[in-house]
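These figures come from a predicted structure and were not determined experimentally. Reminder, nothing fancy here: chain letters follow the sequence lines and each chain counts from 1.
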Protein chains: 2
Amino acid sequence: MTPQRASVKDVAAAAGVSVGTVSNVLNRPERVAARTRAKVEQAMEELNFHRNASARQLRAGVSRTVGAIVMDVGNPYYTELARGIEDRLAVDDHTLILCSSDDDPRREARFLRLLAEQGVRGVLVTPMSTTKDRLSALRRLGIPSVLMDSSSRDHASVGVDHVSGGRQAVAHLLAQGHRRILFLAGQEELQQTRHRLKGAVDAIQSAGLDPSEVLKVVTLPALTANDGQQGLIKALESGWGPTAVFCMNDIVALGAMRELRRSGLAVPSDMAVVGYDDLYLAAELMTPLTSVRQPMRQLGWAAADLLLTDTPHVLFEPELIVRASSDFLRR
Amino acid sequence: MTPQRASVKDVAAAAGVSVGTVSNVLNRPERVAARTRAKVEQAMEELNFHRNASARQLRAGVSRTVGAIVMDVGNPYYTELARGIEDRLAVDDHTLILCSSDDDPRREARFLRLLAEQGVRGVLVTPMSTTKDRLSALRRLGIPSVLMDSSSRDHASVGVDHVSGGRQAVAHLLAQGHRRILFLAGQEELQQTRHRLKGAVDAIQSAGLDPSEVLKVVTLPALTANDGQQGLIKALESGWGPTAVFCMNDIVALGAMRELRRSGLAVPSDMAVVGYDDLYLAAELMTPLTSVRQPMRQLGWAAADLLLTDTPHVLFEPELIVRASSDFLRR
DNA sequence: GTTCCGCCGTGAATCGATTCACGGAGTTGT
DNA sequence: ACAACTCCGTGAATCGATTCACGGCGGAAC
């Protein structure tokens, strides 16, 4: 009945050895004679010994925890990312501190301070506009950082090739015979928007067609189902008569499909729909949704790997998952 | 250009005072003359000083981080919980280490070991069957724990009143005139299943009806859309002819609605549907889904509060959000 | 003028794990 | 038999923040 935590000293006393030996058992077991090691291990067992991470880290000067700051933990997309990070950290017995910036610079700043105090081994961030300055402050403290879901040449980063994602989505629609494609896009400031648009244009040009005739862009105020619905309404009213819509993400696609159903248009025969992110629910909808899947878990893994082992930058390839919402054959 | 972290000693040297004084500035500023304090604060600023949490915690013996282990961070339901925890911890300047057990006892055990080594101030857990033994091991180390989403008399806990949730859902369906109600339930071992069932039975009895005639339970192997769909098929084949279905969660409801649409049944005129959890997507579906909302953020806040301040147990009241899937008027 | 007190500031001791220079014991080679 | 090694274990020093017993100093009280 010891409500106290046992320390190496206690273990040493119980096993009749010195603290140095206990430490050796923990860190270089091969340097300790088998008999002694057994004694020490038994003592640790009996005392329910757990090494004190603080003391360990204080001495070592280097921590076994890593911080990650993502935009919004409520978004499954980011939790999948976190999961990849965690899996990679587990390999080297590190721990993850996961923080949600909620797009709020003050929250981000607070977390960076906390992480600095924790003396984390490094920080992984999905950057917002103001992030970079703060990261250089961390660097001055000797704490490295990696940008996630963002490509940057002057910073370690892992990203997804959104040009390729946009290209795959639109190439697929073109292959299905569509010649008037609507792009329900995010704000232009978003790197993701620009890259996907570029990919879409690429695909159209590669098919020998004129982007200005084939593609029409509607910029949404926010990436919500409602704005997706409104965006589609606006596009339909314009009289251009698109036969396919490429949505900035699956939630937007959800809103678009809602409007299609409301106005009696069938998917995909009257209008094909392609989303982005391949959220869990994409496959579960009435009409399963074609979507561009981002390898978030691998992305997280790569980010953590980059931090721990200093491997080079990584750019992942997204993958188009074709389902009934854009494919006549599967209808 | 100091790639090193500054310590209290460095600050003391820069400000021309002793380390004790620097520490006093940090922890009992009122004990330090204003002039001295200003000098020290300026030195801290110049050196970009951050206190070393490890050293702090080693000395203090008590940590400013809290661990939380949830079933699945991929589930928005749990991230909302995490968010409530984090908000409460922020008030007392604590940090959260969030872990996902994935229903895997080995993962849970690993995280509990890591958290014990971190010497966390406490642990918040959404328990699985094998959890309790491990928590008592923690208690022997002096680390308190709180169960979340679970009521327990021999353990600090915060929960949601699932009896009330079940009662509200079924009372609503009864009020809409339904007299044959299907319950697509989770495994019986789940406390949640038993409580909701009890609430459903309560509601029926309160209405002066016979539960054995009004309610039929189908137990699903897993709480997925597919199993929800299969469960509904099975119930329809039985010929009982329910006019309403109460689903264990929104994902199950999604599967059920998919099957209804496939077989040409209209919601809610042929069949009313009620879900549970009120996920984000509930409101965004073709037919917006009536669902029982759990105050997850408040629950998280309460759990953290209980840990930090030792307030008494808490049981939250869920709230039925009525939408078109169960309400003729809103159709 | 002596005593007492409060105000400020000091610096050594402390927390627990790790490291490393050191040395005792035993083995091998010549 | 003695040097040269290896093998194994020791214990003091270290990391950085905090605490606390202590003391210097100035002012107030008698």
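- The CZ atom of B:F49 sits 8 Å away from the C1' atom of D:dA17 (whole-angstrom rounding).
- A salt bridge links B:R107 with A:E86; the closest basic N to acidic carboxylate O contact falls under 4.0 Å.
- The interatomic distance linking B:R37 (CZ) with C:dC8 (C1') rounds to 12 Å, in whole Å.
- For C:dT18, one of the phosphate oxygens OP1 or OP2 lies less than 4.0 angstrom from a side-chain nitrogen or oxygen of A:N27.
- Checking C:dG9, C:dA17, D:dG9 against every side-chain atom of B:V32, the shortest atom distance belongs to C:dG9.
- Residue contacts shown for A:V22 are absent, as no nucleic acid heavy atom lies under 4.0 Å away.
- Taking atom CG on A:L47 and atom P on C:dG16, their separation rounds to 14 Å, with Å as the unit.
- One interatomic measurement links the two molecules: CZ of A:R56 to P of C:dT19, which rounds to 9 Å at whole-angstrom precision.
- Distances shown here put every side-chain N or O of A:R5 at or beyond 4.0 Å from the OP1 or OP2 atom of C:dC15.
- Donor-acceptor pairing under 3.5 Å is lacking for the side chains of B:N52 and A:Q57.
- Closest approach to the B:A33 side chain among D:dA17, C:dC8, C:dG11 is made by C:dC8 (side chain taken as heavy atoms from C-beta onward).
- We find that A:R51 and B:E117 are not joined by a salt bridge, their nearest charged nitrogen and carboxylate oxygen being 4.0 Å or further apart.
- For the pair A:T126 (side chain) and A:M71 (backbone), a donor-acceptor distance under 3.5 Å is present.
- When heavy atoms are screened at a 4.0 angstrom cut-off, B:A60 is found touching no nucleic acid atom at all.
- Note: CG (B:N52) to C1' (C:dG16) measures 14 Å, nearest angstrom.
- Ion pair A:R5/A:D10 not flagged as a salt bridge, since none of the NZ, NE, NH1 or NH2 atoms sits closer than 4.0 Å to an Asp/Glu carboxylate oxygen.
- Shown here is B:E45, whose CD atom has no more than 12 heavy atoms of other residues, nucleotides or ligands within 6.0 Å.
- Rounded to whole angstrom, the span from the CZ atom of A:R31 across to the C1' atom of D:dT6 amounts to 12 Å.
- In summary, the side chains of A:Y77 and A:D278 do not present any donor paired with an acceptor at a separation below 3.5 Å, with no hydrogens or angles considered.
- Between the CE atom of B:M44 and the P atom of D:dA17 there is a distance of 11 Å, rounded to whole Å.
- When rounded to the nearest whole Å, the span between NZ of B:K39 and C1' of C:dC8 equals 12 Å.
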Reading nucleotides 20-26 of chain D from 5' to 3' and marking B where a protein heavy atom lies under 4.0 Å of the base, S where only the sugar-phosphate is that close, and - otherwise, the string is -------
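- Judged by closest nucleotide on DNA chain D, B:L58 is the one of B:T21 and B:L58 placed further toward the 5' end.
- Looking at B:R59, its side chain comes within 3.5 Å of the base of C:dT14 through a donor and an acceptor atom.
- In this structure, the nucleotide among C:dA17, D:dT10, D:dG16 sitting nearest to the side chain of A:S18 is D:dT10.
- If you check every strand for non-hydrogen atoms under 4.0 Å, A:S23 touches a base.
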